Engineer: 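The structure follows.
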Amino acid sequence: MFLQFKEQVTSILDDAIRSAGFEIGDLILEPSPHADIASRVAFKLASKVKQNPKEIAEKIAAAVVIPDGSYVGKIEVTGPYLNITASRRYVDETFVRIRSEKKDFGGGFRTGSIVMEHTSANPNGPLHVGHIRNSVIGDTLTRILKRAGYDVEAQYYVNDMGRQIAIVAWALSQFEFDTAKKSDHAIADVYIKANADLEEHPEKVAGIDRRMQLVESGDEATIESFDKAVSLAISGIRETLLRMNVHHDSFVNESDFIRSGAVSSIVGEIKATGRTEIDKGALVVDLLDYGFKKTLVIQRSDGTSLYTTRDLAYHEWKGKRAERMIDVLGADHKLISGQLKATLNAIGKPEPDIVIFEFVSLPEGSMSTRRGKFITSDELFDQIEEQAYREVEKRRPEMPDEFKRQVAKVVGMGAVRYDIVKVSPEKSTVFDWKTALDFEKQGAPFIQYSNARACSILKKAEDDRIWNPGTEVDPSVLVEDTEVALIKKMALFDKVIDQSARELKPHIFAIYARELADAFNQFYRFVPVISAEEEDLRTNRLALVDCARIVLGNALDTLGIGAPEAM
RNA sequence: GGUCCCGUGGCUUAGCCAGGAUAUAGCAUCGGGCUUCUAACCCGAGGGUCAAGGGUUCGAAUCCCUUCGGGAUCGCCA
């Protein structure tokens, strides 16, 4: 709704600026604490036409013509600012739209196809608390983009033939595999042992190299040993992802691009640009004109491919599959992803948009699967669920255990996802148990609780036979500040989806969801619903609670967080 | 050493790309509010040299330069 409001403001101001005798440019419209939307256009015009910005704003305001039925209520001048307030019609229509569009409210304004790649952790162990930052950002972005209207395919790119996997495959033949453990955890155990062994006996590294050559040349037995290792790790990883409510539409194997010939053909294309040369036996690409001082190795001296080489082929394939590609990658990929884009550009292929997130480290230093220095996501989830159980126990001791377990699950995972997604990806963070298990009051549980409250009010009203979701309503009786503020907050849904989709910043949406819950809670505290004296008012307040339930539900769904009806 | 990201009240954090109206919220602290729709809530208070210094500008948390601190990275790992 806000997007339409903004469009109308733009059109009205454009006309006013022109008729006031100025040239239109960027209106610099943004929400403001002083109005529903404010424009600083007078500042910009001031320097251009060398007039007082305050006078310019006044001239523009004087020329404003608001058409009948507009979402724009009034445009006022405060100093050099143009403060625009929405009309009652905007409020009423938002209310009506939410009730008719329900799950679809606030979205569907974009078209196009996107391949989103996220998580893509190496199958050499379980997802640790750093990996899931990738998963949560990627999955939330996918949900945001889908709401915006895009057709999004989420992919997990599986490294099934890199050095790490060669080590895992070898490790499985050397060390005992603990079948009692979750398979990805057991894979990490042997992988860590193998790395320690290789460090102690460097002469064994040649065996790993040999395996990599064999797998690339198509040796059946080697391929089988790699596949076995990968599937053990991936099945455990998938379980973890499922638990987090993170969804991938497909898992794509690196090896597919070797076997299809795509890798050798893209290497051929790169060679044809004349950018390649042999350096100490390895094939390298010169990207100096793209600002990379060092060359990029795309083939080892033994002729085998590297991650980067296969990744180029993967992106070529993705580029044909969708109009746009987005990769969510850790900060360690900054350089390599830049080189990847440059190389794709050099051979005339579409490039991905890269979303980089900074690292999650431990108080004692950075995490490493190889050295066994990491905290697994499974461990975190178990702990947080237990903590959540204690919180439920404290508040709803009378409820059956089944209820408490169920709520603890949803609330615990919501808290994890929210804590990750609410901070902007470019901040590096340090994981510590105390903070991770501290249920921040205004995190996911706060939003879930607001939703549960709305559900509970509606349920009680239905039981009391004073509410029926199909009832005709008239929102014009909702005039309290908290009522209008709640409706206007809900109207912002599309604007926030649009902004986070455009900027690929899920934390913007996360913050909005919290503000939405905040607006609902203020309404809840300020005005009685079920006990409202007048029937018409009560019915419309109930309908407003229903709206809030719908929009809070949509917000939680967009965050991939469960929305329990009671907690 | 080169390059990139970050540095905002005790702690976490928004705003920075597109410079302007009293710098955003939460946690923690202090005070108030449940005979009334779930208090995982609401209302209020205190708390800030926006890392430091310089520059651009009528105006800088925001742009530029320098320094300091933290993170990432610098070819045959991914």
Side-chain angles (χ1 to χ4, degrees), chain A residues 26 28 30 32-34 38 40 42-44 46-47 53 78-81 83 120-122 124 159 162-165 167 279-285 291-302 304-311 329-336 338-339 356-359 361 366 370 388 391-392 394-396 411 419 422-430 435 438-450 452-461 464 503 507-508 511 514-515 517-518 520-522 524-532 541-542 545 566-567:
Chain A
D26 184 3
I28 324 175
E30 55 194 35
S32 145
H34 310 278
R40 296 195 320 260
F43 280 111
K44 281 281 162 284
S47 56
T78 311
Y81 298 93
N83 286 330
S120 302
N122 279 334
N124 54 5
N159 169 3
R163 177 168 293 270
Q164 284 90 337
I165 306 315
I167 294 172
D279 185 1
K280 298 185 196 102
L283 184 68
V284 302
V285 192
F292 298 99
K293 293 200 182 88
K294 296 201 173 180
T295 55
L296 173 68
V297 179
I298 56 169
Q299 213 164 57
R300 295 191 183 92
S301 39
D302 68 0
T304 55
S305 63
L306 288 101
Y307 158 82
T308 317
T309 331
R310 290 167 241 135
D311 208 21
L329 301 170
D332 52 338
H333 283 71
K334 266 185 228 176
L335 177 62
I336 194 74
Q339 291 170 322
I356 294 286
F357 65 92
E358 293 290 330
F359 270 36
S361 56
S366 58
R370 186 170 52 80
E391 300 283 339
V392 184
K394 214 166 23 185
R395 296 173 167 91
R396 307 299 297 271
V411 167
D419 276 347
K422 74 171 182 195
V423 339
S424 134
E426 62 265 20
K427 302 246 185 196
S428 51
T429 61
V430 177
T435 322
D438 176 29
F439 274 72
E440 218 186 291
K441 294 263 179 63
Q442 288 213 353
F446 175 78
I447 306 165
Q448 291 171 313
Y449 188 70
S450 310
R453 242 179 191 168
C455 290
S456 146
I457 293 172
L458 294 169
K459 186 174 177 304
K460 184 167 195 305
D464 294 351
E503 300 179 14
H507 76 278
I508 293 175
I511 291 164
R514 207 211 62 228
E515 288 172 356
D518 209 27
F520 177 72
N521 280 318
Q522 279 170 38
Y524 171 89
R525 280 292 163 209
F526 193 74
V527 301
V529 179
I530 288 177
S531 51
R541 281 185 181 160
L542 280 163
V545 171
M567 60 186 272

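These numbers were taken from a predicted model, which means no experiment stands behind them.
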Engineer: Which of the following nucleotides, B/G19, B/A72, B/A14, is nearest to the side chain of A/S366?
Structural biologist: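 Selected nucleotide (nearest to the side chain): B/A72.
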Engineer: Give none if B/G7 has no partner; otherwise give the nucleotide forming a Watson-Crick or G-U wobble pair with it, both distances under 3.5 Å.
Structural biologist: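 B/G7 is paired, partner B/C68.
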Engineer: Rounded to the nearest Å, what distance is computed from the CG atom of residue A/D438 to the P atom of nucleotide B/U13?
Structural biologist: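 Answer to the nearest Å: 14 Å.
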Engineer: Using a 4.0 Å heavy-atom cut-off, does A/R514 contact any base of the nucleic acid, only the sugar-phosphate backbone, or nothing at all?
Structural biologist: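 Result for A/R514 = sugar-phosphate.
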Engineer: Which nucleotide, B/G75, B/U38, B/A78, lies nearest any side-chain atom of A/R453?
Structural biologist: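 So the nucleotide nearest the side chain must be B/U38.
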Engineer: Does B/A28 pair with anything, Watson-Crick or G-U wobble, both distances under 3.5 Å, and if so, with which nucleotide?
Structural biologist: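 Result: none.
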Engineer: Among B/A21, B/C77, B/A72, which nucleotide has an atom closest to any side-chain atom of A/A331?
Structural biologist: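 Given the options B/A21, B/C77, B/A72, the side chain of A/A331 is closest to B/A72.
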Engineer: Give the nucleotide from the list B/A21, B/U38, B/G75 with an atom nearest to the side chain of A/T78.
Structural biologist: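 Of all the options, the side chain of A/T78 is nearest to B/A21.
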Engineer: For A/S47, which contact category applies under a 4.0 Å heavy-atom criterion: base, sugar-phosphate, or nothing?
Structural biologist: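 The answer is nothing, as A/S47 stays clear of every strand by at least 4.0 Å.
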Engineer: Hey, does A/L335 reach any base, or is it just sugar-phosphate, or nothing, if we go heavy atoms under 4.0 Å?
Structural biologist: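 The answer is sugar-phosphate, as A/L335 gets under 4.0 Å only of primed atoms, P, OP1 or OP2.
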Engineer: What's A/E503 touching, base or sugar-phosphate or nothing? Going by heavy atoms closer than 4.0 Å.
Structural biologist: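 Base contact - A/E503 has a heavy atom under 4.0 Å of at least one base atom.
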Engineer: Closer to the 5' end of RNA chain B via nearest nucleotide, is it A/T429 or A/V411?
Structural biologist: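 The residue mapped nearer the 5' terminus is A/T429.
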Engineer: Can you tell me whether the base of B/G75 sits syn or anti, using the 90° cut around 0 to define syn?
Structural biologist: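 You should classify B/G75 as syn.
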Engineer: Sort out the partner of B/U73 for me: Watson-Crick or G-U wobble, both distances under 3.5 Å, none otherwise.
Structural biologist: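 B/U73 is paired, partner B/G2.
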Engineer: Taking any strand in view, what nucleotide pairs with B/A23 in a Watson-Crick or G-U wobble way, both distances under 3.5 Å?
Structural biologist: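 No nucleotide pairs with B/A23.
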Engineer: If you check every side-chain atom of A/R300, which of B/A21, B/G71, B/C77 has the closest atom?
Structural biologist: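 Comparing B/A21, B/G71, B/C77 against the side chain of A/R300, the answer is B/C77.
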Engineer: Measuring from the side chain of A/I530 (C-beta onward, heavy atoms only), which nucleotide among B/C37, B/A78, B/C41 has the closest atom?
Structural biologist: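 The listed nucleotide nearest to A/I530's side chain is B/C37.
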Engineer: Nearest of B/A78, B/A14, B/A72 to any side-chain atom of A/F359?
Structural biologist: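 Output: B/A72.
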Engineer: Report yes or no: is the ring centroid of A/F43 under 5.5 Å from the six-membered base ring centroid of B/G20, with the two planes under 30 degrees?
Structural biologist: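 Yes; by the centre-distance and plane-angle rule, A/F43 counts as stacking on B/G20.
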Engineer: Any idea which of B/A78, B/G20, B/A40 is nearest the A/R395 side chain?
Structural biologist: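 From the listed options, B/A40 comes nearest.
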